[in-house]
Each structure stands twice: as structure tokens, then as C-alpha cells.
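Source: prediction; values computed, not measured.
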Amino acid sequence: WLVGTGGTVLRTIDSGRTWQRLPFPEIVDLNAVAGSTALAATVDAADGRRFGTTDGGQTWTAGR
């Protein structure tokens, strides 16, 4: 899992050989990610909000 500006979220499932850009519901700068599995991750936005996914980044839920 990698995150960046403008809602950029990338995920690899092959140890970094290839990366997939995932949809994100908002255009917001993301500054941290914690991936617990290939399907589950939490990202922190620069504005303090937190989002989570449990389906590999296909859908995101706002939290915090």
C-alpha cells in the first residue's frame, strides 16, 4: 500500500513488481497508510480524517 496527493492510493500484491491504482472517494492529500492485509487498510488524510477499506480498496468508509 502507498498513498499520496490528490487521493492517490496504490496497492501491490506481488512484492512490488506491479502496482494497481485504486479508486478513492475524494480528491484529498493522503499522508499515511497502514495495511493489515492485502484487502484491509486504513489511510490518514492531511485534513485529519481517516478512511478504511476491507475489500482491497474498491470501497472506502470514512471514520474517526
**OP:** Quickly, which of Thr5, Val9, Thr8 forms a side chain to side chain contact (heavy atoms under 4.5 Å, CB included) with Leu30? Name it, please.
**Re:**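 When side chain to side chain contact (heavy atoms under 4.5 Å, CB included) is applied between Leu30 and each of Thr5, Val9, Thr8, only Val9 qualifies.
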Subject >> 4.5 Å side-chain heavy-atom contact, Val28 and Asp47 >> reply: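 With C-beta onward as the side chain, the pair touches.
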Subject >> Check: Gln58 and Leu22 side chains under 4.5 Å, non-hydrogen atoms >> reply: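 Leu22 vs Gln58: side chains touch.
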Original post:
Which residue pairs satisfy the side chain to side chain donor-acceptor pair (under 3.5 Å) criterion with at least one member in residues 23-36, sequence neighbours excluded?
Top reply: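 Only Glu26-Arg49 qualify under side chain to side chain donor-acceptor pair (under 3.5 Å).
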Original post:
Do Thr42 and Arg50 meet the criterion of a side-chain donor-acceptor pair at a distance under 3.5 Å?
Top reply: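 Side-chain D/A pair, Thr42 to Arg50: absent.
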Original post:
What salt bridge (Lys or Arg N to Asp or Glu O under 4.0 Å) pairs are there with at least one residue in residues 52-63, not counting sequence neighbours?
Top reply: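 Non-adjacent pairs meeting salt bridge (Lys or Arg N to Asp or Glu O under 4.0 Å): zero.
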Subject >> Minimum heavy-atom distance Trp60-Pro25, with the two atoms named >> reply: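 What the structure gives for the nearest pair is CD1-CD, 3.7 Å.
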**OP:** Hey, could you give me each pair passing ring pair (Phe, Tyr, Trp, His ring centres under 6.0 Å) that has a residue in residues 26-52? Not counting sequence neighbours.
**Re:**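 For residues 26-52: Phe24-Phe51.
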Subject >> Side-chain donor or acceptor of Trp1 paired with backbone N/O of Val43 under 3.5 Å >> reply: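 Checked: no pair found.
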Subject >> Heavy-atom neighbours of Leu2 CG exceed 12 at 6.0 Å >> reply: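 Atom CG in Leu2 is crowded, with more than 12 foreign heavy atoms closer than 6.0 Å.
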